[in-house]
Amino acid sequence: IISSFNKSYFVNLNIMLFVNVLGHNDIKEILIKEVSNRRIPHAQLFNENAGVSALPMALAFSMYLFCNNKNPADSCGTCASCKKMLKLVHPDVHFFFPSKSAGAIKSGSKESFPEFQKQLLNNPYFNESDWSISNNMKNSGEIRVSDARVINKIASLKSYEGGVKIFIIWHAEKMNTETSNKLLKNIEEPNSKTIFILITKSTNLVLPTIKSRLQTKRFKKLNVNILKNKIQQLYPELNEDHI
(Lines give C-alpha, C1' and ligand atoms only; values in the text may rest on other atoms or scores of the structure.)
Protein backbone atom coordinates (compact mmCIF):
# COMPACT_ATOMS: atom_id res chain seq x y z
CA ILE A 1 0.00 0.00 0.00
CA ILE A 2 2.76 2.44 0.94
CA SER A 3 4.70 1.64 -2.25
CA SER A 4 1.63 2.26 -4.43
CA PHE A 5 0.77 5.48 -2.59
CA ASN A 6 4.33 6.80 -2.84
CA LYS A 7 4.45 6.09 -6.57
CA SER A 8 1.20 7.95 -7.21
CA TYR A 9 2.24 10.73 -4.87
CA PHE A 10 5.51 11.53 -6.59
CA VAL A 11 4.27 11.05 -10.14
CA ASN A 12 1.63 13.67 -9.39
CA LEU A 13 4.08 16.11 -7.82
CA ASN A 14 7.14 15.39 -9.95
CA ILE A 15 9.25 17.47 -7.56
CA MET A 16 11.95 16.79 -4.97
CA LEU A 17 11.30 19.31 -2.22
CA PHE A 18 11.80 18.69 1.49
CA VAL A 19 8.12 19.44 2.01
CA ASN A 20 7.23 16.50 -0.22
CA VAL A 21 9.42 13.97 1.59
CA LEU A 22 7.13 12.00 3.87
CA GLY A 23 8.00 12.42 7.56
CA HIS A 24 11.49 12.60 9.08
CA ASN A 25 11.13 16.32 9.88
CA ASP A 26 13.91 16.10 12.47
CA ILE A 27 16.38 15.01 9.79
CA LYS A 28 15.13 17.70 7.38
CA GLU A 29 15.82 20.35 10.02
CA ILE A 30 19.33 19.01 10.66
CA LEU A 31 20.20 18.94 6.95
CA ILE A 32 18.88 22.47 6.38
CA LYS A 33 20.81 23.75 9.40
CA GLU A 34 24.01 22.09 8.18
CA VAL A 35 23.65 23.79 4.79
CA SER A 36 22.80 27.17 6.36
CA ASN A 37 25.79 26.99 8.71
CA ARG A 38 28.06 25.62 5.97
CA ARG A 39 28.99 22.73 8.23
CA ILE A 40 27.98 19.78 6.09
CA PRO A 41 29.57 16.45 7.05
CA HIS A 42 31.51 15.24 4.05
CA ALA A 43 30.67 11.59 4.65
CA GLN A 44 27.21 10.60 5.87
CA LEU A 45 25.32 7.38 6.46
CA PHE A 46 21.56 7.43 5.94
CA ASN A 47 20.52 4.46 8.06
CA GLU A 48 17.10 3.30 6.89
CA ASN A 49 14.59 1.43 9.00
CA ALA A 50 12.98 -1.59 7.33
CA GLY A 51 10.16 -0.30 5.13
CA VAL A 52 11.61 3.23 4.99
CA SER A 53 13.51 4.80 2.10
CA ALA A 54 16.08 7.55 2.64
CA LEU A 55 16.69 8.08 -1.07
CA PRO A 56 14.03 10.82 -1.45
CA MET A 57 15.71 12.72 1.41
CA ALA A 58 19.09 12.43 -0.29
CA LEU A 59 17.53 13.87 -3.45
CA ALA A 60 15.82 16.72 -1.59
CA PHE A 61 19.07 17.53 0.24
CA SER A 62 21.04 17.59 -3.03
CA MET A 63 18.50 19.86 -4.68
CA TYR A 64 18.50 22.20 -1.66
CA LEU A 65 22.29 22.37 -1.58
CA PHE A 66 22.51 23.29 -5.27
CA CYS A 67 19.44 25.56 -5.36
CA ASN A 68 20.25 29.11 -6.46
CA ASN A 69 17.24 30.65 -4.72
CA LYS A 70 16.75 28.50 -1.63
CA ASN A 71 14.65 29.79 1.26
CA PRO A 72 15.16 28.92 4.95
CA ALA A 73 12.97 25.82 4.64
CA ASP A 74 13.25 24.47 1.10
CA SER A 75 14.48 24.70 -2.48
CA CYS A 76 12.79 27.05 -4.92
CA GLY A 77 12.11 24.24 -7.39
CA THR A 78 12.35 26.60 -10.38
CA CYS A 79 15.97 27.76 -10.76
CA ALA A 80 18.36 26.22 -13.31
CA SER A 81 19.92 23.88 -10.74
CA CYS A 82 16.56 22.70 -9.44
CA LYS A 83 15.36 21.98 -12.97
CA LYS A 84 18.42 19.79 -13.54
CA MET A 85 17.77 17.94 -10.29
CA LEU A 86 14.12 17.39 -11.21
CA LYS A 87 15.32 15.56 -14.32
CA LEU A 88 18.25 13.92 -12.47
CA VAL A 89 20.72 15.41 -14.94
CA HIS A 90 22.70 17.65 -12.57
CA PRO A 91 26.35 17.08 -13.58
CA ASP A 92 27.64 17.18 -9.99
CA VAL A 93 25.36 14.49 -8.54
CA HIS A 94 26.60 10.96 -9.10
CA PHE A 95 24.66 7.79 -8.28
CA PHE A 96 26.20 4.42 -7.53
CA PHE A 97 24.14 1.33 -6.79
CA PRO A 98 24.07 -2.47 -7.17
CA SER A 99 24.19 -3.48 -10.82
CA LYS A 100 25.05 -6.24 -13.20
CA SER A 101 28.72 -6.65 -14.01
CA ALA A 102 29.93 -4.28 -16.72
CA GLY A 103 33.39 -5.84 -16.87
CA ALA A 104 36.58 -5.06 -15.00
CA ILE A 105 36.90 -1.48 -16.25
CA LYS A 106 33.43 -0.06 -16.94
CA SER A 107 31.28 1.12 -14.04
CA GLY A 108 28.11 -0.93 -13.74
CA SER A 109 26.37 2.08 -12.16
CA LYS A 110 27.26 4.41 -15.02
CA GLU A 111 26.25 1.80 -17.59
CA SER A 112 22.91 1.21 -15.85
CA PHE A 113 22.16 4.82 -14.94
CA PRO A 114 19.58 5.52 -17.71
CA GLU A 115 17.37 2.74 -16.35
CA PHE A 116 18.05 3.81 -12.74
CA GLN A 117 17.17 7.40 -13.66
CA LYS A 118 13.92 6.30 -15.27
CA GLN A 119 12.97 4.19 -12.26
CA LEU A 120 13.86 6.95 -9.80
CA LEU A 121 11.86 9.60 -11.64
CA ASN A 122 8.89 7.27 -11.75
CA ASN A 123 9.03 6.51 -8.02
CA PRO A 124 11.80 7.77 -5.69
CA TYR A 125 10.64 5.22 -3.10
CA PHE A 126 11.36 2.21 -5.32
CA ASN A 127 13.14 -0.65 -3.56
CA GLU A 128 15.86 -3.17 -4.26
CA SER A 129 13.40 -5.74 -5.56
CA ASP A 130 11.89 -3.21 -7.99
CA TRP A 131 15.38 -2.38 -9.23
CA SER A 132 16.43 -6.00 -9.70
CA ILE A 133 13.33 -6.72 -11.78
CA SER A 134 13.54 -3.59 -13.95
CA ASN A 135 17.27 -4.14 -14.55
CA ASN A 136 16.83 -7.85 -15.32
CA MET A 137 19.20 -8.94 -12.56
CA LYS A 138 19.02 -12.54 -11.42
CA ASN A 139 20.39 -11.51 -8.03
CA SER A 140 20.64 -8.26 -6.08
CA GLY A 141 23.88 -7.20 -7.78
CA GLU A 142 26.99 -5.56 -6.35
CA ILE A 143 28.78 -2.24 -6.21
CA ARG A 144 32.10 -3.28 -7.68
CA VAL A 145 35.66 -1.99 -7.64
CA SER A 146 35.14 -0.58 -11.15
CA ASP A 147 32.55 1.76 -9.59
CA ALA A 148 35.03 2.75 -6.89
CA ARG A 149 37.64 3.62 -9.51
CA VAL A 150 35.17 5.92 -11.27
CA ILE A 151 34.19 7.54 -7.94
CA ASN A 152 37.83 8.20 -7.08
CA LYS A 153 38.48 9.64 -10.54
CA ILE A 154 35.49 12.01 -10.38
CA ALA A 155 36.37 13.00 -6.80
CA SER A 156 39.82 14.12 -7.97
CA LEU A 157 38.36 16.45 -10.60
CA LYS A 158 36.78 19.88 -10.25
CA SER A 159 33.00 20.03 -10.16
CA TYR A 160 31.27 21.00 -13.39
CA GLU A 161 29.50 24.00 -11.87
CA GLY A 162 32.13 25.17 -9.42
CA GLY A 163 30.48 23.92 -6.24
CA VAL A 164 30.49 20.56 -4.51
CA LYS A 165 30.21 17.07 -5.95
CA ILE A 166 27.73 14.67 -4.34
CA PHE A 167 28.07 10.90 -4.46
CA ILE A 168 24.91 9.02 -3.49
CA ILE A 169 25.70 5.34 -2.87
CA TRP A 170 22.41 3.43 -2.68
CA HIS A 171 22.49 0.08 -0.86
CA ALA A 172 26.02 0.75 0.32
CA GLU A 173 26.10 -2.68 1.98
CA LYS A 174 26.48 -4.11 -1.54
CA MET A 175 30.03 -2.73 -1.78
CA ASN A 176 32.36 -5.69 -1.58
CA THR A 177 35.55 -5.51 0.49
CA GLU A 178 37.72 -4.54 -2.46
CA THR A 179 35.35 -1.70 -3.38
CA SER A 180 35.17 -0.45 0.22
CA ASN A 181 38.94 -0.44 0.61
CA LYS A 182 39.32 1.40 -2.69
CA LEU A 183 37.00 4.17 -1.43
CA LEU A 184 38.35 4.34 2.10
CA LYS A 185 40.92 7.07 1.55
CA ASN A 186 38.45 9.40 -0.16
CA ILE A 187 35.85 8.84 2.56
CA GLU A 188 38.45 9.19 5.30
CA GLU A 189 39.98 12.37 3.87
CA PRO A 190 37.45 13.75 1.37
CA ASN A 191 38.07 16.80 -0.74
CA SER A 192 36.48 19.84 0.89
CA LYS A 193 34.05 20.04 -2.05
CA THR A 194 33.02 16.39 -2.03
CA ILE A 195 30.06 14.89 -0.16
CA PHE A 196 29.38 11.18 0.22
CA ILE A 197 25.93 9.92 1.19
CA LEU A 198 25.79 6.19 1.81
CA ILE A 199 22.28 4.72 2.10
CA THR A 200 21.59 1.32 3.65
CA LYS A 201 19.20 -0.73 5.74
CA SER A 202 22.03 -3.09 6.71
CA THR A 203 24.67 -1.07 8.52
CA ASN A 204 26.10 -4.29 9.95
CA LEU A 205 27.20 -5.24 6.44
CA VAL A 206 29.07 -1.99 5.79
CA LEU A 207 32.81 -2.36 6.31
CA PRO A 208 33.57 -1.14 9.89
CA THR A 209 36.47 1.03 8.71
CA ILE A 210 34.05 2.82 6.35
CA LYS A 211 31.19 3.05 8.85
CA SER A 212 33.39 4.55 11.56
CA ARG A 213 34.11 7.54 9.33
CA LEU A 214 30.48 8.36 8.57
CA GLN A 215 28.10 10.63 10.44
CA THR A 216 24.90 8.63 10.87
CA LYS A 217 21.37 9.90 10.39
CA ARG A 218 18.75 7.33 11.42
CA PHE A 219 15.44 7.12 9.56
CA LYS A 220 12.76 5.71 11.85
CA LYS A 221 9.64 3.89 10.76
CA LEU A 222 6.96 6.27 9.44
CA ASN A 223 4.00 6.94 11.70
CA VAL A 224 0.79 5.80 10.02
CA ASN A 225 -0.78 9.19 10.78
CA ILE A 226 1.77 10.84 8.47
CA LEU A 227 0.48 8.76 5.58
CA LYS A 228 -3.14 9.23 6.62
CA ASN A 229 -2.83 13.02 6.79
CA LYS A 230 -1.04 13.23 3.46
CA ILE A 231 -3.68 11.07 1.75
CA GLN A 232 -6.36 13.37 3.19
CA GLN A 233 -4.55 16.37 1.71
CA LEU A 234 -4.16 14.76 -1.70
CA TYR A 235 -7.59 13.13 -1.88
CA PRO A 236 -10.04 15.25 0.16
CA GLU A 237 -12.99 13.48 -1.47
CA LEU A 238 -12.16 10.26 0.43
CA ASN A 239 -13.83 9.80 3.79
CA GLU A 240 -11.78 8.93 6.85
CA ASP A 241 -13.13 5.38 7.17
CA HIS A 242 -12.14 4.61 3.60
CA ILE A 243 -8.62 5.99 4.16
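Hydrogens, waters and symmetry mates are skipped; everything else that's a heavy atom, side chains included, is used. Please read all numbers here as calculations on a predicted model, not as lab measurements.
Annotation: side chain of L17 is in contact with side chain of M63 (closest heavy-atom distance under 4.5 Å). At a threshold of 4.5 Å between non-hydrogen side-chain atoms, the residues P124 and L59 count as touching. Side-chain contact check for H94 versus V150: every heavy-atom pair is 4.5 Å or farther apart. Using a 4.5 Å heavy-atom threshold, the side chains of I169 and I143 count as touching. The side-chain heavy atoms of C76 and N68, taken from C-beta on, include no pair separated by under 4.5 Å. In this structure, the side chains of L121 and M16 come closer than 4.5 Å at one or more pairs of heavy atoms. Looking only at side-chain heavy atoms (C-beta outward), K174 and E128 come within less than 4.5 Å of each other. When side chains are defined from C-beta on, F96 counts as touching I151, because their heavy atoms get closer than 4.5 Å.
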**Prompt:** Can you check side chain to side chain contact (heavy atoms under 4.5 Å, CB included) on M57 and F18, steps first, answer last?
**Reply:** CA-CA 7 Å; M57 188 72 83; F18 278 127; 3.8 Å; yes
**Message:** R218 vs I27, test: side chain to side chain contact (heavy atoms under 4.5 Å, CB included). Steps then yes/no.
**Reply:** CA-CA 8 Å; R218 290 181 174 83; I27 295 177; 5.9 Å; no
**Prompt:** Step by step, would you call K28 with V21 a side chain to side chain contact (heavy atoms under 4.5 Å, CB included)?
**Reply:** CA-CA 9 Å; K28 293 177 190 177; V21 177; 3.9 Å; yes
**Item:** Pair K220-H24, side chain to side chain donor-acceptor pair (under 3.5 Å): steps then yes or no
**Value:** CA-CA 8 Å; K220 300 176 182 178; H24 312 299; over 6 Å; no
**Request:** Just do the side chain to side chain contact (heavy atoms under 4.5 Å, CB included) check on F196 and I166 with the steps written out, would you?
**Result:** CA-CA 6 Å; F196 287 93; I166 299 177; over 6 Å; no
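Ion pairing between a basic and an acidic side chain is recognised when a charged N comes within 4.0 Å of a carboxylate O; K84 and E161 show such pairing. The pair K201-E173 fails the salt-bridge criterion, with no side-chain N (NZ, NE, NH1 or NH2) lying under 4.0 Å from an Asp/Glu carboxylate O.
Without hydrogens or angle criteria, E34 side chain to P41 main chain gives no donor-acceptor distance under 3.5 Å. Using a distance-only test at 3.5 Å, with no hydrogens or angles considered, no donor-acceptor pair links the side chain of W131 to the main chain of Q119. With hydrogens and angles ignored, the 3.5 Å screen pairs no side-chain donor or acceptor of K165 with any backbone N or O of I195. The closest donor-acceptor contact from the side chain of Q215 to the backbone of Q44 lies at 3.5 Å or more, if one exists at all. Although no hydrogens or angles enter the test, the distance criterion places no donor-acceptor pair under 3.5 Å between the side chain of N37 and the main chain of R39. Of the possible polar contacts, one joining the R213 side chain to the T209 backbone as a donor-acceptor pair under 3.5 Å is found. The closest donor-acceptor contact from the side chain of K211 to the backbone of V206 lies at 3.5 Å or more, if one exists at all.
Taking every heavy atom of both residues into account, R144 and S99 meet most closely at NH1-O, 2.6 Å. Residue S75 comes nearest to C67 through the heavy atom pair CA-SG, 3.9 Å, listed as atom of the first residue, atom of the second, then distance. S180 and I210 make their closest contact through O-CD1, 3.5 Å (heavy atoms, listed as atom of the first residue, atom of the second, distance). Closest of all the heavy-atom pairs between N69 and C79 is ND2-CB, 3.7 Å. Taking all atoms of both residues into account, the shortest heavy-atom contact from V52 to K221 is CG2-CA, 3.7 Å. Taking both residues in full, the closest heavy atoms of E48 and S53 are given as OE2-CA, 3.4 Å, listed atom of the first, atom of the second, then distance.
How far CD1 of I243 is from CD1 of I231: 6.0 Å, rounded to the nearest 0.5 Å. The structure places CG of D26 at 9.5 Å from CG of L31, a figure rounded to the nearest 0.5 Å. Separation of atoms CD1 (I133) and CG (N127) is listed at 8.0 Å; rounding is to 0.5 Å. Once rounded to the nearest 0.5 Å, the distance linking OH of Y64 with OG of S81 reads 14.0 Å. Residue N122 holds its CG atom at 9.5 Å from CG of D130, rounded to the nearest 0.5 Å. Atom CG of L45 sits about 9.5 Å away from atom CD1 of I199, to the nearest 0.5 Å.
A ring-ring contact (aromatic ring centres under 6.0 Å, His included) with F97 is found for one member of F116, F113, W170 and no other, namely F116.
Cluster membership check: F219 does not share its hydrophobic cluster with I30, using side-chain heavy-atom separations under 4.5 Å among Ile, Leu, Val, Met, Phe, Trp and Tyr. Both I32 and V19 sit in one connected hydrophobic cluster of ILVMFWY residues. Membership requires side-chain heavy atoms under 4.5 Å apart, directly or through other members.
The aromatic ring centroids of H90 and F66 lie less than 6.0 Å from each other.
For CD of E178, the number of neighbouring non-hydrogen atoms (other residues, nucleotides, ligands) closer than 6.0 Å is 12 at most. More than 12 heavy-atom neighbours from other residues, nucleotides or ligands sit within 6.0 angstrom of NZ on K110.
Judged by distance alone, the side chains of D147 and S107 do bring a donor and an acceptor atom under 3.5 Å apart. With hydrogens and angles left out, the side-chain atoms of K228 and N225 include no donor and acceptor closer than 3.5 Å.
Shown here are the side chain to side chain contact (heavy atoms under 4.5 Å, CB included) partners of N152, two or more places apart in sequence or in another chain: K182, L183, N186.
With F46 as the aromatic partner, K217 does not meet the cation-pi criteria of under 6.0 angstrom to the ring centre and within 45 degrees of the ring axis.
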